[in-house]
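Below you'll find the structure, written out as structure tokens, and then a few comments.
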Number of protein chains: 2
Amino acid sequence: MTTTAPRRRASISDVARLAKVSVGTVSNVLNRPDRVSPTTRERVLAAIDDLAFVPNGSARQLRAGTITTAGAIVLDVSNPFFTDVARGIEDRLEEADYTLMLASSDENPEREARYLRLFEEHGVQGVMVVPATPDVEHLETLRGRGLRVVLLDRPSPVDTLSSVAVDDRAGAAAAARHLVELGHERIAFLNGPHTIRQCADRSAGLHDALVELGLDPDRALVEITIPTLNADGGQGGTEQVLALADRPTATMCVNDLTALGALRTLRAAGVPVPSGMAVVGYDDVAFAGELATPLTSVRQPTHQLGHRAADLLLDPDDAVVQVTFQPELVVRESTTGVG
Amino acid sequence: MTTTAPRRRASISDVARLAKVSVGTVSNVLNRPDRVSPTTRERVLAAIDDLAFVPNGSARQLRAGTITTAGAIVLDVSNPFFTDVARGIEDRLEEADYTLMLASSDENPEREARYLRLFEEHGVQGVMVVPATPDVEHLETLRGRGLRVVLLDRPSPVDTLSSVAVDDRAGAAAAARHLVELGHERIAFLNGPHTIRQCADRSAGLHDALVELGLDPDRALVEITIPTLNADGGQGGTEQVLALADRPTATMCVNDLTALGALRTLRAAGVPVPSGMAVVGYDDVAFAGELATPLTSVRQPTHQLGHRAADLLLDPDDAVVQVTFQPELVVRESTTGVG
DNA sequence: CGTCGTCGATGAAACGGTTCATAGCATGAA
DNA sequence: TTCATGCTATGAACCGTTTCATCGACGACG
């Protein structure tokens, strides 16, 4: 095992030399073993073993052109929602013997662009991305250059791009309806910037539902924009809500991490949930039901979302398909109180 | 924008032809712009823009040999502990303009091997890995072939490999001491298989602490091996604990996800926490303090862990360094009760 | 006995970049 | 005027594979 470290990685021609065959034959052993006679094959394999030869992926890809890797860009790897989606992607890709390169854009369009470029340079088969911008022109361009592109967690605004999404308007509307039924007439919404489509959609869904229920959104809805869609954002946003003159009786959060921060802040401020402030989350992550006050949340089919996205990416017909799943409101004590 | 999709990606020679220069010049524009006169540079850049030229990473890498990408393999991307570590890695890598390929082995040595191979084939600079096996010979081999290797969340058993870890024995021991001080004399430990080093270490730490405190580990400790280190594992393990004849009064969990499953199961079974069963987690993930019963847990410096690992990977001297952080027990109500 | 087909192995031409020795060409000094 | 110098641009070699046309050997067959 502790042979002296070779200065240079063994190449296929080193193997060929050692096995006394041509490089073409070594390549055949690697890729079409049946085209090679058993004795030669044996000899080549022995040489490969001897030199600890590992084929150079770049060279292979350069020549062969194809690669069984896909890329995914999510907004934040440390958000369980996205990692559950990633899990769905991985599971589907593995069936096809593909591998996944995962990256997070941090909601930063430049980071997104950088990873897209990296992926393209490395010739991935395709890319699944939760865009950090409303605009997807750059993704259409990418597709124009031959990459598979699947929009993740966001319906495609154009009919040239596949997408796998959950109906965010419906999810937000369901939450709004629930709150209004409970008697809330003034609702805070801790939301991210509308440049992120999910945020814009959830805002619209909330708005529409309120109108439908006969409320004036301008009065009933206070939307607070938070800089980061995590617990810290939830904390800052909640502090703002608590400082409002005409304090809302319910807070809806753009995701469960944000809700976590909200609950923490409310507890620190001594505001009881839900009697002092009802709270609704979004995503229904694993811990939502186990919190001090179990969290009412909008459940999304995360694993399926990823699975289907990978499915589309691998589709041999390269069809453009836009899939929309329906979310489901899971009611718990953060809105209904004990019982 | 909707130009007809080119059948083939533009190459550097297409650019050269259009700009009426040689390929070498185009390459220079890309890599050493100062070596090229402004007017030529301008012309080349215009051509690049025109053709939407994206350099082929494989070709570049094949020739140049180097690449600014690193790989990381963790046990489970959907475990917040690992994603927090990944975040730390990403943040450090970004400073150096490196990119990260993240993958999860699912605690499966074969998957780990497959990703390692993929990474090596693609010539990553190095790899940070939470090994799924106690054995690291394959990683030494990898290092022998010139890849940087950093063991993540696990001290290196050999002095040829760098590692960044947290003292798992100390963490588990602190938890054990805490429980014994509270009067517990019989403790269940929901742990993963000892083939995972962290699991073995935490078991040993627990064991040693009990001995030190004058208890007989054979009586005081019931270790239950769970198949998956997540909430489902915690649920199954807790069901076993509850079925024990001489039921322990405290359960220690190998991580917070497991503890989440344990708490859920205890609640379903009507067992009060901590009076009926104290629970300790490990990792102190974001939601630990916000649970129905806030969870006592062993906090690890996740972000630092990742940051330092990336640091070692990037170290220009390629020194072999073994870093160990100290964990910290965070006491909450799941062991001490209200107050 | 010559011809043909098959099978295995060969060697060279790509793939798309980087790098480097070299050459062309002003410019300024001698 | 000559020559050294510096600046640009060139083109070919090379990186490590895959692929494909070709070739030799050998057995079957007419």
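Throughout, a chain's letter reflects where its sequence line sits, starting with A, and its residues are numbered from 1.
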Let's see if you can work this out: which of [options] has an atom nearest to the side-chain heavy atoms of [X]?
X: B/V21; options: D/dT10, D/dT18, C/dT18; answer: D/dT10
X: B/L62; options: D/dG16, D/dT17, D/dT10; answer: D/dG16
X: B/V23; options: C/dA9, C/dA12, D/dA12; answer: D/dA12
X: B/T40; options: C/dG17, D/dA9, D/dT10; answer: D/dA9

Less than 4.0 angstrom between a side-chain N/O of [X] and OP1 or OP2 of [N], yes or no?
X: B/S37; N: D/dA9; result: yes
X: A/S11; N: D/dG16; result: no
X: A/R35; N: C/dG8; result: no
X: A/S22; N: C/dA9; result: no
X: B/S27; N: C/dG17; result: no
X: B/N31; N: C/dT18; result: yes
X: B/R32; N: C/dT18; result: no

Salt bridge flag under 4.0 Å for residues [X] and [Y]:
X: A/E90; Y: B/R111; result: yes
X: A/E121; Y: A/R117; result: yes
X: B/R87; Y: A/D76; result: yes
X: B/R41; Y: B/D34; result: no
X: A/R197; Y: A/D135; result: no

Note, B/T69 side chain near B/L100 side chain (heavy atom, < 4.5 Å) =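 No, too far: nothing below the 4.5 Å cut-off.
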
Output the rounded distance in Å from [atom1] ([X]) to [atom2] ([N]).
X: B/N28; N: C/dG16; atom1: CG; atom2: P; answer: 20 Å
X: A/L30; N: D/dT19; atom1: CG; atom2: P; answer: 12 Å
X: A/N56; N: D/dC14; atom1: CG; atom2: P; answer: 18 Å
X: B/H122; N: D/dT17; atom1: NE2; atom2: P; answer: 13 Å
X: B/R9; N: C/dC15; atom1: CZ; atom2: C1'; answer: 12 Å
X: B/E42; N: D/dA9; atom1: CD; atom2: P; answer: 13 Å
X: B/R60; N: D/dG16; atom1: CZ; atom2: P; answer: 18 Å
X: A/I12; N: C/dA12; atom1: CD1; atom2: P; answer: 16 Å

Counting any heavy atom closer than 4.0 Å, what does B/R41 reach on the DNA or RNA strands: base, sugar-phosphate only, or nothing?
-> nothing

Quick one: label B/V26 by what it contacts on the DNA or RNA (base, sugar-phosphate, nothing), any heavy atom closer than 4.0 Å.
-> nothing

Considering only heavy atoms and no angle criterion, is a donor-acceptor pair shorter than 3.5 Å present between the side chain of A/R63 and the base of D/dT18?
-> yes

Would you kindly compare A/K20 and B/S13 by the position of their nearest DNA chain C nucleotide and give the one closer to the 5′ end?
-> A/K20

